[in-house]
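Report on the structure given below.
For ligands, and for the atoms within them, numbers begin at 1 and follow the listed sequence.
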Amino acid sequence: MAEPFYITTAISYPNGRPHIGHAYEAIAADVIARFQRQMGRDVRFQTGTDEHGLKMAQKARELGIEPAQLASEMSSYFIDMCDKLNVSYDVFLRTTEPRHHASVQELWRRMEANGDLYLDRYEGWYSVRDEAYYDESELVEGEGGEKLSPQGTPVEWTVEESWFFRLSAYEQQLLDLLEKPGFLRPESRRNEMAAFVKAGLRDLSVSRTSFDWGIKVPGSENHVMYVWVDALTNYLTGIGFPDEGGDFAKWWPANLHLIGKDITRFHTIYWPAFLMSAGLAVPQQVFSHGFLLNRGQKESKSLGNVTDPVELAERFGVDALRYFLLREVAFGQDGSWSAEAIVTRCNAELANSFGNLAQRALSMIFKNLNGAISAEYSPSDADIALENTVLDACRNLLPREFAALNFSEGLNEWMRAVFACNQYVDEQAPWTLRKTDPERMTAVLMTLLRCVRALAVAVRPVVPASADRLLDQIGIAEAARDFAALGDPDWFETLVASGFTLAQPVGVFPRLELPEENTA
Ligand code: ME8
């Protein structure tokens, strides 16, 4: 039985359309999900939208519509983005679904039964934009002397009757958890979170009475739950909670919550404490990725540099965008994108290096061998050495880096293997062998075919549609496109025996052009 792997993204606020940061997170999670499937794991991949809370209620009021209508309309853009970017989620969860209400209320009852919830009065600072409470000591001063949250968002003084969660009781358990190797990555964020806990945790306000767009507190109907209690519980709802058998038992605890750095505190302090209180296991790993900037700047409406990720994918191609994001940005750190950087990176590595290699190899087989796949040759030392280099990159080096979420390094190993192939083509010059030594030409072309197949399988989690189009052209069955297939010693003989012949090859990585506004 394949080992389960449950991965989630943060669920986005559908108070506007998705931006490039949302696309980045969805794509990274998808690459992990596809990689794990190709490694033979039984994967469950969940994403969704976070539809309650003051931020949503205020935005709806501003637009003169009901929050439920705003949530439905905007949520559909997030679903559309995932579909257009080839994000292979299994569950898209919306927190307004009735099953989610039942799940959150059950979590609440368990925390209450454990003695961790009490009624009191909240007085303090709240940022609607972050949906977060802040201590006075955490605030920073804005340009006009106004108080801002550490994220630079406005805060308002809030006084309300509120339910509190006894977060202070979990200090030691949280410190122990943060010390567990691999629980929170990257390391820098772990130090930041441990320092926050060590400074002393105050109990957390977990309900509001001043608005009603949320999930009602059981037995306290004038309270709605703090939106983060509601949102975090999505990870349980999607796998069947409160039913703890079947799916839940199979998938929980999650293997990986993938989130952005700004919401690390919610995922590595509040969330584990809620789970501990409810007697549930904590997730195995939280990875908080960096922010994606537009030429080094945050995208914002006031700067007028907000990009629609779907348009970007339409302009450059879905796979080019996916490759660029995973290759260009060191995972965990902030990264920057620009049209020039996408074009430069994808032309150099996908079009000119790998695309050209595949196209040259397949074209020569089509023209010189009538597309026939042949086993009638004996490989030279150079042929064997090249194939070993390529297989090592595709079966060992790239998977090792991808398993550790080091995507750029993994793709770098892959590129080195592509370079080795291109160097081999130049050295072997198969086009000159046609008349002088046809058997040698066959050996070179078949070696290249074997290498292209391995390279396509290895890069498939990142550029799934292009890799599949290439693998279709060389007759590799759908079921033989995973990492285990790269270890099958008989695949080539099987392909030969099937009598498969190559048709006229079609390039799968087009050269990109800079859009006109960038060429001036
Ligand atoms: O935080 N670059 O929703 P959200 C990279 N609803 N990632 C970015 C980014 C950027 N420029 N901007 C945002 C929320 N993100 C909550 C989550 S989970 C139980 C609730 C990331 O729509 C951000 O860090 O503001 C988060 O992981 C995700 O996008 C959704 O952000």
Side-chain angles (χ1 to χ4, degrees), residues 7-29 46-57 59 70-71 74-75 77-78 81-82 85 87 91-96 100 103-104 107 127-132 149 151-153 189 214-215 225-238 254 256-272 274-275 283 286-301 303 305-309 312 321 325-326 328-337:
I7 175 172
T8 66
T9 65
I11 49 171
S12 310
Y13 292 123
N15 63 333
R17 293 197 189 201
H19 54 61
I20 183 92
H22 293 124
Y24 177 54
E25 186 169 303
I27 288 173
Q46 180 168 314
T47 187
T49 39
D50 182 359
E51 306 190 353
H52 294 124
L54 200 47
K55 188 173 165 126
M56 287 296 289
K59 183 71 191 182
L70 174 68
M74 288 297 150
S75 185
Y77 286 106
F78 283 84
M81 175 192 78
C82 287
L85 299 178
V87 172
V91 177
F92 189 100
L93 192 126
R94 299 182 52 193
T95 55
T96 44
H100 180 64
S103 162
V104 179
L107 186 83
S127 157
V128 178
R129 212 149 344 131
D130 304 346
E131 296 279 20
S149 81
Q151 317 276 357
T153 58
R189 307 225 219 284
I215 298 181
M225 283 184 219
Y226 175 35
V227 68
W228 274 99
V229 176
D230 166 346
L232 288 159
T233 308
N234 91 85
Y235 303 132
L236 305 179
T237 308
L256 179 63
H257 290 323
L258 181 66
I259 57 162
K261 63 179 182 179
D262 58 325
I263 57 172
T264 310
R265 183 189 296 182
F266 302 95
H267 282 81
T268 61
I269 296 175
Y270 302 167
W271 180 227
F274 299 158
L275 290 166
V286 176
F287 188 98
S288 76
H289 62 74
F291 265 35
L292 200 63
L293 305 170
N294 184 337
R295 294 171 199 279
Q297 278 187 314
K298 207 173 160 171
E299 295 196 350
S300 74
K301 290 205 180 85
L303 287 173
N305 64 348
V306 178
T307 312
D308 176 351
L312 205 60
L321 179 65
L325 291 174
L326 275 286
E328 190 86 1
V329 184
F331 204 53
Q333 292 171 27
D334 289 349
S336 204
W337 77 271

Problem - Donor-acceptor under 3.5 Å (H267 side chain, T264 main chain) - result: no

Problem - Atoms in ligand 1 flagged as close to I259, the criterion being non-hydrogen separation under 4.0 Å - result: 27 (O)

Fill in the blank from the handout: shortest atom 30 (C) of ligand 1-to-protein heavy-atom contact is with H22 CD2, 3.7 Å

Practice task
For atom 3 (O) of ligand 1, find the nearest protein heavy atom and state the residue, atom name and distance (0.1 Å precision).
Solution key: Y13 CD1, 3.3 Å

Exercise for the section: Report the nearest protein non-hydrogen atom to atom 27 (O) of ligand 1: residue, atom name, distance rounded to 0.1 Å. Expected result: E25 OE1, 2.6 Å

Fill in the blank from the handout: Of all protein heavy atoms, the one nearest atom 11 (N) of ligand 1 is L292 O, 3.4 Å

Handout entry: Donor + acceptor pair across side chains of E25, H289 (<3.5 Å)
Key = yes

Exercise for the section: Kindly confirm or rule out an N or O of D50 lying under 3.5 angstrom from an N or O of ligand 1. Expected result: yes

Problem - Lys/Arg N to Asp/Glu carboxylate O, E51 vs R94, below 4.0 Å - result: yes

Problem - Nearest neighbour of atom 5 (C) of ligand 1 from the list A28, G290, G53, on a heavy-atom basis - result: G290

Handout entry: Polar contact flag, side-chain donor to acceptor under 3.5 angstrom, H52-Y13
Key = no

Practice task
Check whether the side chains of S127 and Q151 place a donor and an acceptor atom closer than 3.5 Å, and report yes or no.
Solution key: no

Problem - D334 with K261: basic N within carboxylate O range, under 4.0 Å - result: yes

Exercise for the section: Answer with yes or no whether H19 contacts ligand 1, where contact means a heavy atom under 4.0 Å from a ligand atom. Expected result: yes

Practice task
Would you mind running through ligand 1 and noting each atom that sits below 4.0 Å from a heavy atom of A231?
Solution key: 19 (C)

Practice task
For E131 and K55, indicate whether the former's side chain and the latter's backbone hold a donor-acceptor pair under 3.5 Å.
Solution key: yes

Handout entry: Any N or O of I11 closer than 3.5 Å to N or O of ligand 1
Key = yes

Handout entry: Whether K298 lies under 4.0 Å from ligand 1, heavy atom
Key = no

Practice task
Establish, from distance only, whether the side-chain atoms of T95 and H100 form a donor-acceptor pair under 3.5 Å.
Solution key: no

Exercise for the section: Classify the contact between H289 and ligand 1 as side chain, backbone, both or neither, using a heavy-atom distance cut-off of under 4.0 Å. Expected result: side chain

Handout entry: Nitrogen or oxygen atoms of H267 and ligand 1 under 3.5 Å apart
Key = no

Practice task
Could you check if a side-chain atom of L70 sits within less than 4.5 angstrom of a side-chain atom of M56, using non-hydrogen atoms only?
Solution key: yes

Problem - Whether W228 lies under 4.0 Å from ligand 1, heavy atom - result: yes

Practice task
Report yes if some N/O of N234 lies less than 3.5 Å from some N/O of ligand 1; otherwise report no.
Solution key: no

Exercise for the section: Please answer whether the main-chain N or O of V229 pairs with a side-chain N or O of Y270 as donor and acceptor at a distance below 3.5 Å. Expected result: no

Exercise for the section: Please confirm whether F266 comes under 4.0 Å of ligand 1, counting heavy atoms of the residue only. Expected result: no

Completion exercise
Taking only non-hydrogen atoms of S12 and a 4.0 Å limit, the atoms of ligand 1 in range are 3 (O), 22 (O)

Fill in the blank from the handout: Note: ligand 1 atoms sitting under 4.0 Å from heavy atoms of D262 are 23 (C), 24 (O)

Exercise for the section: State, yes or no, whether a side-chain contact exists between I259 and T8 at a heavy-atom distance under 4.5 Å. Expected result: no

